[in-house]
Amino acid sequence: MEKNDRLFLLDGNSLLHRAFYALPKTLQTSEGEYTNAVFGFTKMLLRLIEEEDPDALAVAFDLAAPTFRHKEYEEYKAQRKKTPDELSPQFDLIKEVLTAFKIPVLQLEGYEGDDIIGTLAQAGAQEGYQVTITTGDRDALQLVTEDIEIMYTKRGITNIVKYDLDKVREDYELEPKKLIDMKGLMGDKSDNIPGVDGIGEKTSTKLLHQFDSLEEVLDNIDQVSGKKRKERLREQGDRARMSKKLATIKLDVPIDYDLEEFTLVEPDQDKLVEVFSKLEFNTLLKEFGGYDTLSFSEDFELITDYSQLDKLINNLKEEKQIGFKFNFAETKLYQQKANGLTIVYNDQEAYYIDMKELEAKEVVKALKDYFEDEEVKKLSLDSKQNLLYLKELGVEVEGLDFDPLLAGYLLRPSNKKQDLEDLLTEYLKVELSEVDDEVEQETQLVRSLFKLKEKLIKDLKDKGLLELFVDVELPLIPVLVELELNGIAVDEDELERLSSKLQEKLDSICTKVYELSGEEFNLNSPKQLGEILFEKLGLPVIKRTKTGYSTSASVLEELEGKHEIIPLVLEYRQYQKLKSTYVDPLADLINHQTDRIHTSFNQMVTATGRLSSTEPNLQNIPIRTEEGREIRKVFVAEEGKKLLAVDYSQVELRVLAHISQDENLIEAYINNEDIHTKTAAEVFGVEAENVTYEQRRRAKAINFGIAYGISPWGLAKDIDVSNKEAEDYIDQYFNRYPKVKEYMDEKIQDAKDQGYVKTILNRRRYLPEINSSNYHRRSFAERMAINTPIQGSAADIMKLAMLAASTTLKERGLESEILLQVHDELVFEVPTEELEEVQQIMKEKMESVIELDVPLIVDLNVGKNWRDMEEVE
DNA sequence: CGATATTGCAA
DNA sequence: TATTGCAATATCG
């Protein structure tokens, strides 16, 4: 050891607790094992090593066994809550991490970590180390000397304060040693150390200025001021002595360690990788070189002329499996451009076709037959984008066989983003080498597809997801490509008319609002509006948000009648929403190559298996209010065609009837009853023919709520009744539909037992928070467990419908096209002469994509635009 | 400029 | 303190 080497001693228990409370419990492995404390501790340890550069380091832990303090005083730490269940197992985990770092773990039966640290700190200081103790426990401050300092984690794990001798003197106005006497006098609530009644921080500090120690105080009680205080010190002197003893950190623990062994050394690489993989600390794994680099050949053949291309195509003839990927320069539809095309065959043989040199049209034409050959299995990355490009150039890919991102989505649908890097690290424990050359990078990506296919297909198979992947999700990609390229025609003039009409209304409302409020302000700012309403106009505050007053529609509605400004604000909000979210952005998204709007359907976003739609989102175009509904007028069918909307009637409730097997619900659907009226009759105990409008409305809300994992509170808010009434309705509902209740309990149990719930097509959703000790998180997971099989199965059914619809239109050689999917509805554009046939065929096909124990029914609506639709049949 | 909060639209 | 999404706007660091 060199002189002044730095020795760090960490209080494992204290720091792990700190990390546990500082980091969200969402940090878990995919199995649901909690890792937040371990992660936080590890990060802190690494930062400590990085920033403080210790020469030696060790971590001390408490053991579960009682210490001498418990023997001394039964009540010691008796009020302490038991370590949370989510934390306990993390003690063993952090010890594994430390072992991998080759950092000594110190623990000794009968002693606390503090005592071990105290003993070793003193020993270290004597041997000439500069000692730093890291802990979240202020007790350690008594150990501070010239050579021993404390790093105290004030809050969380990042806020650290260093206490050296000066700092302690400054903060406590006492020598560190005297902090023990202080504890003896004032006690310590957190450790259940009693001290002397009526003496707190102020008095004990004062006394210890007057006397050198607790003992001196007790020996000279006469000189203490205050009658009551003297009395208590006399009565409770022994208690004080005991308290001091409890608070004293031991400096003579019989622990046998050679400080030389604490010297920081290189970690055990293999063990570190092993433990980080187990804990799924992917960022740390990367940092510690835990991943092998995927070593592919750097070789590839660059194709820059047509003779080389011909040669490649000739070689490909024999190949039944290829990986391909375009290198895109522009992905706007009907203007797509690619810089190149990578093709890999025979597992690793790579070609890059330079499409800056070669004409894209020519390249694609030359490869058309190959891409359209169903016998040739294609692997691609971001297949939808690649297929969009090819289809734009007239090539309809057949034989699409694998996309790692899509497979990854089915394996972990709740992941925030689906990307290749995660898949490589998570499933293959490798990463791609960093390559400067763009082209080489592309070839590496495509090469990796083969490795991923092998592993991911196996995982899909193990989890019963392969059929969903092969029969539904993968074939859906070309269907989504159709929808996106089709787009929907837009009446641009109508859009402009709407925009100026809305602007006029906004201007006039705005003027009136300013008049009423006596000043101009930004009506779009909830903050400014809140100040006007609740401060200037003095309206009652209904609800607050994190940052101020809530001005949401529900709040404003309650204020209606209190001030004439309110209805104006509500009206302003409505028009502002329509204009800024729908009308104006839609105009910008018209593709002038096609004069249509082409949304993008994302297949890998939702946790339940639904699609989502962006740029623009065509799945949330207004319909409920007349003003909002106007927007739908701009979505039109071309000349000579009609829009046909086919929607599944109450598909989610039918799914619920099927999976819950509730006889009452099934029977209602089999008998084609009005389900909301039926529910009203059941819940309110009246005959179906006597159900009032209001009762039916409420029953409808109950039926919706059920599918979401209803709470009395939520229902009460929705239909404006008391919590008690809402609770009664729900009870009565479960009474009449008992299997629905059973279904809910079962799904929650499934999630607890298996960690996930499933849909009709076996789609999974993992719900690790189902076991959370946090009520909110747990309840949320429970509602997901209830809702996901319902919403997800409905999504499954719709995906089957899309496949069936697409296939049927092709088989029949019809010109009709699918334009949109809105969760339970498909919108088609149909030449008038095909209308009859398409209506009839879609009804038949969509109602029979799957056989449930209740009938599936679709309703058909036809119109010239998406607003003025009329029901047919 | 990016992240976050609030608000509100759909199924 | 009801499920799943996307997006506009304001505001803050």
Side-chain angles (χ1 to χ4, degrees), chain A residues 413-414 521-530 543-556 569-570 572-586 588-589 599-602 604-625 627-629 631-632 645 647-653 656 701-719 723 726-727 730 744 747 757 765 767 775-776 779-792 794-795 798 820-826 866:
Chain A
S414 304
F521 64 100
N522 185 350
L523 198 36
N524 292 322
S525 159
K527 187 163 170 270
Q528 294 182 34
L529 176 63
K543 205 169 84 183
R544 286 177 184 281
T545 64
K546 245 180 275 188
T547 52
Y549 314 108
S550 170
T551 64
S552 66
S554 64
V555 168
L556 296 181
V569 174
L570 280 166
Y572 177 88
R573 281 264 177 88
Q574 191 192 3
Y575 293 131
Q576 168 70 15
K577 176 79 178 178
L578 294 176
K579 184 163 190 294
S580 70
T581 307
Y582 298 102
V583 176
D584 292 344
L586 283 179
D588 293 333
L589 289 165
T599 184
S600 171
F601 285 106
N602 199 323
M604 301 182 274
V605 168
T606 71
T608 53
R610 277 186 173 185
L611 298 180
S612 80
S613 153
T614 53
E615 274 186 302
N617 179 358
L618 292 183
Q619 293 180 320
N620 74 340
I621 302 301
I623 191 167
R624 292 172 196 187
T625 69
E627 296 89 335
R629 207 181 162 137
I631 311 259
R632 293 189 171 223
D647 70 285
Y648 278 108
S649 161
Q650 293 165 350
V651 61
E652 293 196 351
L653 277 182
L656 175 62
I702 296 172
N703 280 330
F704 271 101
I706 290 294
Y708 298 148
I710 202 164
S711 77
W713 197 93
L715 179 65
K717 196 164 60 100
D718 196 42
I719 60 176
N723 285 0
E727 208 176 325
I730 294 170
M744 294 180 165
K747 290 304 133 186
V757 289
R765 181 180 188 179
L767 298 167
Y775 173 81
H776 289 291
S779 303
F780 196 25
E782 287 173 358
R783 293 194 296 272
M784 290 172 180
I786 291 165
N787 175 259
T788 298
I790 301 172
Q791 188 184 122
M798 178 47 93
L820 301 175
Q821 187 255 45
V822 192
H823 308 307
D824 66 356
E825 169 187 11
L826 287 180
W866 205 12

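Values below: every heavy atom of this structure, side chains too, minus hydrogens, waters and symmetry copies. First the proteins, then the strands, lettered A, B, ... as listed; each starts at 1.
With both ends at atom P, the span from B:dA5 to C:dT1 equals 15 Å, rounded to whole Å.
At the heavy-atom level, A:S550 lies under 4.0 Å from the strands shown only through sugar-phosphate atoms. Within 4.0 Å (heavy atoms only), A:R629 reaches no atom of the nucleic acid at all. Within the 4.0 angstrom heavy-atom criterion, no nucleotide atom of any strand lies near A:S779. Within the 4.0 angstrom heavy-atom criterion, only backbone atoms of the sugar-phosphate kind lie near A:A607; the bases stay farther away. If you check every strand for non-hydrogen atoms under 4.0 Å, A:I710 touches a base. Using a 4.0 Å heavy-atom cutoff across all strands shown, A:N620 reaches at least one base atom of the nucleic acid. Within the 4.0 angstrom heavy-atom criterion, only backbone atoms of the sugar-phosphate kind lie near A:A553; the bases stay farther away. Using a 4.0 Å heavy-atom distance criterion, A:K546 is classed as a sugar-phosphate-only contact. Residue A:Y648 is classed as having no contact, given no heavy-atom separation below 4.0 Å to the nucleic acid. When heavy atoms are screened at a 4.0 angstrom cut-off, A:I623 is found touching the sugar-phosphate backbone but no base atom. Within the 4.0 angstrom heavy-atom criterion, base atoms lie near A:R610.
The separation between A:Y549 atom OH and C:dA10 atom C1' is 18 Å, rounded to whole Å. Atom CG of A:L618 is separated from atom C1' of C:dA7 by 13 Å (rounded to the nearest Å). In this structure, A:L715 places its CG atom 15 Å from C1' of C:dT3, rounding to the nearest Å. As a whole-Å value, the separation of A:I786 CD1 from C:dT1 C1' is 14 Å. Protein atom OH of A:Y572 is 12 Å distant from nucleotide atom C1' of C:dA8, rounded to whole Å. Computed from coordinates, the A:E727 CD to C:dT1 C1' distance equals 13 Å when rounded to whole Å. A:R573 places its CZ atom 12 Å from the C1' atom of C:dA10, with the value rounded to the nearest Å. Counting to the nearest Å, the P atom of C:dT3 and the CD atom of A:E782 are 12 Å from each other.
In the set C:dC6, C:dA7, C:dT3, C:dA7 carries the atom at the smallest distance from any side-chain atom of A:E615.
Using a distance-only test at 3.5 Å, with no hydrogens or angles considered, no donor-acceptor pair links the side chain of A:R610 to the main chain of A:H823. Between the A:T606 side chain and the A:G609 main chain, a donor and an acceptor come within less than 3.5 Å of each other. Of the possible donor and acceptor atoms, none in the side chain of A:S779 sits under 3.5 Å from a partner among the backbone N and O of A:E782. A donor-acceptor pair under 3.5 Å links the side-chain atoms of A:Y582 to the main chain of A:N620, judged by distance alone. Side-chain atoms of A:T599 come within 3.5 Å of backbone atoms of A:T614 as a donor-acceptor pair (strictly under, hydrogens ignored). Of the possible donor and acceptor atoms, none in the side chain of A:N602 sits under 3.5 Å from a partner among the backbone N and O of A:S613. With hydrogens and angles ignored, the 3.5 Å screen pairs no side-chain donor or acceptor of A:Q528 with any backbone N or O of A:L523. Counting only distance, with no hydrogens or angles, the side chain of A:S550 and the backbone of A:K543 share no donor-acceptor pair below 3.5 Å.
Contact footprint of chain A on DNA chain B: nucleotides with an atom under 4.0 Å from a non-hydrogen protein atom, first to last in 5' to 3' order, B:dA5 to B:dA11.
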Check nucleotides 11-13 of chain C against the protein and report each pair of N or O atoms closer than 3.5 Å, with its distance, or say if there are none.
| from | atom 1 | to | atom 2 | distance (Å) |
| --- | --- | --- | --- | --- |
| C:dT11 | OP1 | A:S525 | OG | 2.7 |

Please walk me through it: do A:F601 and A:L820 pass side-chain contact (heavy atoms from CB on, under 4.5 Å)? CA-CA 9 Å; A:F601 285 106; A:L820 301 175; 4.2 Å; yes

Go through A:N522 and A:K527 one step at a time and tell me if the side-chain contact (heavy atoms from CB on, under 4.5 Å) criterion holds. CA-CA 9 Å; A:N522 185 350; A:K527 187 163 170 270; over 6 Å; no

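The environment of CZ in A:F704 is sparse: at most 12 heavy-atom neighbours from other residues, nucleotides or ligands sit within 6.0 Å.
The phosphate of C:dA10 (OP1 or OP2) has a side-chain N or O of A:N524 nearer than 4.0 angstrom.
Looking only at side-chain heavy atoms (C-beta outward), A:L529 and A:R573 come within less than 4.5 Å of each other.
Note that the CG atom of A:D824 and the CD atom of A:E652 stand 8.0 Å from one another [nearest 0.5 Å].
Consecutive Watson-Crick or G-U pairs involving DNA chain C, each under 3.5 Å on both distances, make up stems of three or more pairs at B:1-11 with C:3-13.
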